[in-house]
Protein chains: 2
Amino acid sequence: MVDHAPLELERFLPYRLSILSNRVSQAIAREYQDRFDLSMTEWRVMAVLARYDGHGLSASEVAARTEMDKVAVSRALTRLVAAKRVSRRAHDGDKRRSVLRLSAAGWKVHDAVAPLARTHERTMLAQLSADEQRALLAILDKLAPV
Amino acid sequence: MVDHAPLELERFLPYRLSILSNRVSQAIAREYQDRFDLSMTEWRVMAVLARYDGHGLSASEVAARTEMDKVAVSRALTRLVAAKRVSRRAHDGDKRRSVLRLSAAGWKVHDAVAPLARTHERTMLAQLSADEQRALLAILDKLAPV
DNA sequence: CTACGATAGTTTCATCTGAAACTTAATTCA
DNA sequence: TGAATTAAGTTTCAGATGAAACTATCGTAG
């Protein structure tokens, strides 16, 4: 009889990673999606704009820093600008570029969502020992450097 | 001035997990998508059918074990059955249930893809120290038990 | 200067996805 | 029994996604 050596999906690392990642992301997303009418891509764009506040990032800089493609960013920005959560003006020297900034309303949403996200992260980390927490950070640095 | 405490996306655990998970899954998927005309959901269905070979799983059992929803499984099965990689017959006692099994062609694909997947897993683990490897497994058991 | 290639961003299109509605079959309980 | 629920699976519909084509602007080599 042939030995087919089937893959044990439930012990297969890439599979387990994707389960974990989906569960964690969705747990957080559920908290703000309905409450703030904010998709995950929109939230990521806002988080990056918040982090680089004052720099007036362009759409492609946002795409680079979120690791999302430019189409996704463009669409997220369309909604965010329509909702007046982000202001968009043209770059002085380069009319192709946009200059993006969180508006006051955008900051308000950010300041409400950021603590939610942080709480989730803490809850997650609290399930691990101190050693495991350290290891997790080291592992992420090695496998998916920023 | 207000302290907005922006989220540092690049150090935010759920975000980094999703980056890692996407990179890993896509790296593997690229290898078999074109080569075998096989989507990731289809591959996962095949992997589960392989693992529980002889049990004659139903579609909802597949859905439960892959953590995919029944719609996704239904569609993957439609394609897999059309490609004669999976056989589907009705359950004896319960005509609602299907009884699913990999065909010979299905096994052939499985036996070609499984080693690819395993190689990727090993390559990934090889970047980590023995301690980190142990920690990663422990972390996954705690955060996303199967 | 101008013609060409590169870059920023949007639109289109074809596919993927998941919630809800639907179909058929089995089970429960009055 | 047989009416009402529940379960398995498919279809529908509406939104998300990403590759490729497109528009507009910029930089640069001739």
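Worth saying up front: this structure is predicted, and the values here are computed from it rather than measured. Quick note on labels: first sequence line is chain A, next is B, and so on, each numbered from 1.
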Calculate the interatomic distance between A:Asp34 atom CG and C:dA19 atom P; express it in whole Å.
-> 12 Å
Any A:Arg88 side-chain N or O less than 4.0 Å from OP1/OP2 of C:dA8 = no
Can you find a side chain N or O atom of A:Ser98 that sits less than 4.0 Å from OP1 or OP2 on C:dG9?
-> yes
Using a heavy-atom cut-off of under 4.0 Å over every strand shown, decide if B:Ser58 touches base, sugar-phosphate, or nothing.
-> sugar-phosphate
Could you state the atom-to-atom distance from CH2 of A:Trp43 to P of D:dA16 in whole Å?
-> 19 Å
In whole angstroms, how far is the P atom of C:dA8 from the CD atom of A:Glu61?
-> 9 Å
Write out all pairs satisfying side chain to side chain donor-acceptor pair (under 3.5 Å) with one or both partners inside residues 63-78 of chain A, taking only residues at least two apart or from two chains.
-> A:Glu67-B:Arg23
Taking only side-chain nitrogens and oxygens of B:Ser74, does any of them come within less than 4.0 Å of OP1 or OP2 of D:dG9?
-> no
Could you state the CG-P distance from B:Asp69 to D:dT10, rounded to the nearest angstrom?
-> 12 Å
State, without any angle test, whether A:Arg16 and A:Ser21 hold a side-chain donor-acceptor pair at a distance under 3.5 Å.
-> no
Per A:Ser60 side chain, nearest of listed nucleotides D:dT25, C:dA8, D:dG9 = C:dA8
Integer-rounded Å distance: C:dT23 P and B:Arg97 CZ = 22 Å
The side chain of B:Asp94 lies closest to which of these nucleotides: C:dT10, C:dA25, D:dG9?
-> C:dA25
When the distance from CE of B:Met68 to C1' of C:dG18 is rounded to whole Å, what number comes out?
-> 13 Å
Under 3.5 Å, is there a donor-acceptor pair linking the side chains of B:His55 and B:Glu61?
-> no
Mark yes or no for a side-chain to base donor-acceptor pair under 3.5 Å between A:Arg75 and C:dG9, with no hydrogen or angle criteria applied.
-> no
Give A:Ser39 one of three labels, base, sugar-phosphate or nothing, depending on what nucleic acid heavy atoms sit under 4.0 Å from its own.
-> nothing
Taking atom types as they are modelled, is there a donor-acceptor pair under 3.5 Å from the base of C:dT7 to the side chain of A:Arg96?
-> yes
Would you mind reading off the distance between B:Arg30 atom CZ and D:dA19 atom P, rounded to a whole angstrom?
-> 10 Å
Give one of base, sugar-phosphate or nothing for A:Lys95, where a contact means two heavy atoms less than 4.0 Å apart.
-> sugar-phosphate
Would B:Arg88 and B:Ser58 count as having a side-chain donor-acceptor pair, cut-off 3.5 Å?
-> no
Which heavy-atom pair separates A:Ser25 from B:Pro14 by the least distance, and what is that distance?
-> OG-O, 4.3 Å
Expressed in angstrom and rounded to an integer, what is the separation of B:Glu67 atom CD from C:dT17 atom C1'?
-> 17 Å
Testing D:dT17, C:dG18, D:dA19 for proximity to the side chain of A:Thr41, the answer is D:dT17
